[in-house]
Structure formats: structure tokens, C-alpha cells
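These notes are about the structure you will find just below.
All values below were derived from every heavy atom in this structure, side-chain atoms included, with hydrogens, water molecules and symmetry-related copies excluded. Each chain gets a letter, A, B and so on, in the order its sequence line appears, and its residues count up from 1.
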Number of protein chains: 2
Amino acid sequence: MSELDRTIHEPARLRILTILSGVDVSDFNFLFSTLGLTKGNLSSHMDKLEKAGYVEVRKSFNGRVPHTEFVITDAGRTALSDYWREIDAIRSLHGKGGD
Amino acid sequence: MSELDRTIHEPARLRILTILSGVDVSDFNFLFSTLGLTKGNLSSHMDKLEKAGYVEVRKSFNGRVPHTEFVITDAGRTALSDYWREIDAIRSLHGKGGD
DNA sequence: TCCCCAAGGGTGTGTTACAACCGCTCGTGG
DNA sequence: CCACGAGCGGTTGTAACACACCCTTGGGGA
């Protein structure tokens, strides 16, 4: 009965990871405006994802303006697809006998 | 950006509701042994599901032995399928542009 | 030139919510 | 009288989210 990965299960992070799994790279502002989180909140979610090893954070400079980009890691991809597998497993609990 | 129903999103309750959606009726002991939760924990989850109107609790007596059964309500079924719809929506965020 | 403000990208704090566990209870059957 | 079914209540710990604030840079106006 492997438990769902709580790092991923949180809706905000699930959205983030799923988005990242579909693009090569995404920047702070895109996620910020897409997700409707506060910057602080987004920042701490990204922090958590980075600490879990699911995303790589790339800080660059556009001239002198800091620019933060995020890339999903292999571990992140793996964890995400495991997560979806788990979700599907739960979904298919529908139909078990139990009376 | 409708938010996921947190009542359902909790893994234990997601499993419970999904199981209930596939059987006519399920009793306390079945869920207890299936899910591997403590009784107190299971009880409080069921309480939350009942308060949300997602399950109906049927307390009967087998002779004099209390027997508790749970049935998913229409509201529960609706909320659950909405939930799966939402999950699918998130899942399909995969593929949005954002560079 | 100086001033001020906005925007990018955060940090730190506090509140609120809630999951999970434990111990207790209360009734019943053996 | 002991165990079991079923559940309640309290506690603990953690986490999300908001909010307020910070620092830096770029740009506009007087």
C-alpha cells in the first residue's frame, strides 16, 4: 500500500511539476502568473521541490536583472510518473468487493 | 482554476470514497482492514466525509453487536467524479507552453 | 542629477488547519 | 471479567498560505 508522495500530492506542486514535465524550462514569472500563488508561496514550493531533488533551479542574469528558471530533473519525472501510477491504482479501487 | 476538494484530496479519504463508489455498502471493519488505518483515524475520516455529506453512516445492530456501515451519497459520487475530472485537468497541463 | 516607484525574486512570521496517534470509554458476548 | 467492536477527545507536529517586508535594478519626471 505505498503511500502517495506528499511532496507531489500538494495541488500547487502537482501543477508545477506537471507543467514542468511538459516544457523544457519555465521561469518564475510564468509559473507565478499561471498558478495565481503569491510569490513567497511559489518560492517556498519551488524550494521544497528543489530540496526533494525534483527540480533544478537555474539562476541567471538578463543583463543585471535576475532571472530564475526551473527544470524538472529525472528524479522529478520518475516521481511524477510514479505518482500518476499510484493515482491510477487508487482510481481502480473502484470495483473491489467489500460487503 | 477551481481548487481540488481537500476533503477528497486526502489520500485516505480518496481511497475510501473510491472504494465506496464501487460497492453498495461497506462496513467499518472492511475499511479498517483494507486501509491499514487506526480505528480512531478511520473514524475521524468517516466523520469528515459524513459532515461533508459524501457518505451516509448506517448504524445497525447485529443482534446486540454494533455494526457500522457506510454508503456513498449522490453528493459524494458527484464530488468524486468532479475530483477525478480536476485531476485529469491537472494531468493535462502537461503540454502547455511556458518558455 | 536625484528621487521615487514598480517589478523580480525572494525571506521570515504567524495563523490556521489537520493528519496521525494514543488512551479512554462504553456496551456486549463469552 | 476479559476481550473486542466502535468511537471520542486531546495532543503533537507539520504544512500551506497569506502577508509584510527586503534588496536590487530600471525607468520616468523635475
Side-chain angles (χ1 to χ4, degrees), chain A residues 1-20 25-52 54-71 83 86 90 98-99, chain B residues 1-17 20 25-52 54-71 83 86 90 98-99:
Chain A
M1 174 85 64
S2 52
E3 192 49 62
L4 287 172
D5 184 337
R6 295 275 180 172
T7 299
I8 295 183
H9 191 58
E10 173 60 29
R13 290 192 295 263
L14 178 55
R15 284 184 222 272
I16 292 168
L17 261 199
T18 304
I19 289 173
L20 290 185
V25 59
S26 196
D27 61 25
F28 190 93
N29 268 317
F30 172 72
L31 292 177
F32 170 64
S33 54
T34 300
L35 299 167
L37 302 169
T38 61
K39 291 175 183 181
N41 203 190
L42 174 57
S43 183
S44 70
H45 281 310
M46 297 318 297
D47 199 48
K48 218 158 273 196
L49 287 170
E50 189 190 12
K51 279 183 178 120
Y54 294 165
V55 305
E56 185 198 333
V57 180
R58 291 187 186 161
K59 287 164 196 293
S60 50
F61 285 90
N62 256 353
R64 306 250 135 182
V65 181
H67 190 70
T68 306
E69 293 174 314
F70 306 100
V71 183
Y83 177 85
E86 281 295 323
I90 291 176
D99 189 18
Chain B
M1 176 86 63
S2 52
E3 193 49 63
L4 287 172
D5 185 336
R6 294 276 180 173
T7 299
I8 296 183
H9 191 59
E10 174 58 30
R13 290 191 296 262
L14 179 55
R15 286 183 220 269
I16 292 168
L17 261 199
L20 290 185
V25 59
S26 196
D27 61 25
F28 190 91
N29 271 317
F30 172 73
L31 292 177
F32 171 62
S33 55
T34 300
L35 299 167
L37 302 171
T38 61
K39 291 176 179 181
N41 203 190
L42 174 57
S43 182
S44 72
H45 282 310
M46 297 318 297
D47 197 48
K48 219 158 273 194
L49 287 170
E50 188 189 13
K51 278 184 178 120
Y54 294 164
V55 305
E56 185 198 333
V57 180
R58 291 187 186 160
K59 286 164 195 294
S60 51
F61 286 89
N62 255 353
R64 307 253 127 188
V65 181
H67 190 74
T68 305
E69 293 173 314
F70 306 100
V71 183
Y83 177 84
E86 281 293 324
I90 291 176
D99 188 16

Closest nucleotide among D:dA16, C:dG29, D:dA6 to the B:Val65 side chain: C:dG29
To the nearest Å, how far apart are A:Asn29 CG and C:dG8 P? 4 Å
For the side chain of A:His67, counting heavy atoms from C-beta on, which of C:dG9, C:dA19, D:dC17 is nearest? C:dG9
Categorize B:Asp47 for me: base, sugar-phosphate, or nothing, with a 4.0 angstrom heavy-atom threshold over every strand shown. nothing
Assuming nearest nucleotide by heavy-atom distance, tell me which of A:Arg13 and B:Val57 is located more 5' along DNA chain D. B:Val57
Name the orientation class of the two ring planes belonging to A:Tyr83 and A:His9 (parallel below 30°, tilted from 30 to 60°, perpendicular beyond 60°). tilted
Listed nucleotide nearest any side-chain atom of A:Phe28, set C:dG10, D:dA18, D:dA16: C:dG10
Given B:Leu31, B:Leu37, B:Thr7, the one that forms side-chain contact (heavy atoms from CB on, under 4.5 Å) with B:His45: B:Leu37
Please tell me which of the listed nucleotides, D:dA15, C:dA7, D:dG7, lies nearest to the side chain of B:Lys59? D:dG7
Could you report the tightest heavy-atom contact between B:Phe70 and B:Leu20, atom names first, then the distance? O-CD2, 3.8 Å
In whole angstroms, the gap separating C1' of C:dA19 from CG of B:Leu49 amounts to 14 Å
Would you name the heavy atoms of B:Thr38 and B:Phe32 that are closest together and state the gap between them? C-CE1, 4.1 Å
Euclidean distance, atom CG of residue A:Leu35 to atom P of D:dA18 [Å, nearest integer]: 12 Å
Separation of D:dG27 atom P from A:Arg64 atom CZ, nearest Å, is 13 Å
Length of the line joining B:Glu3:CD and D:dC17:C1', which is rounded to integer Å: 11 Å
Value in whole Å for how far the C1' atom of C:dA7 lies from CZ of A:Phe61: 15 Å
If I take atom CD in residue B:Glu50 and atom C1' in nucleotide D:dA6, what distance separates them, rounded to the nearest angstrom? 14 Å
Less than 4.0 angstrom from a charged side-chain N to a carboxylate O is my criterion; do B:Glu10 and A:Arg6 meet it? yes
According to a strict under-4.0 Å criterion, is A:Thr68 in side-chain N/O contact with OP1 or OP2 of C:dG10? yes
What's the closest nucleotide to the B:Ser43 side chain, out of D:dG7, D:dC17, C:dC18? D:dG7
Counting side-chain heavy atoms from C-beta on, which of C:dA20, D:dC8, C:dC18 comes nearest to A:Arg6? C:dA20
Let me know the distance between CG of A:Asn41 and C1' of C:dT15, rounded to the nearest Å. 14 Å
In terms of side-chain heavy atoms of A:Lys39, which of C:dA7, D:dA18, C:dG29 is nearest? C:dA7
Is A:His45 near enough to D:dA15 that one of its side-chain N or O atoms lies under 4.0 angstrom from OP1 or OP2? no
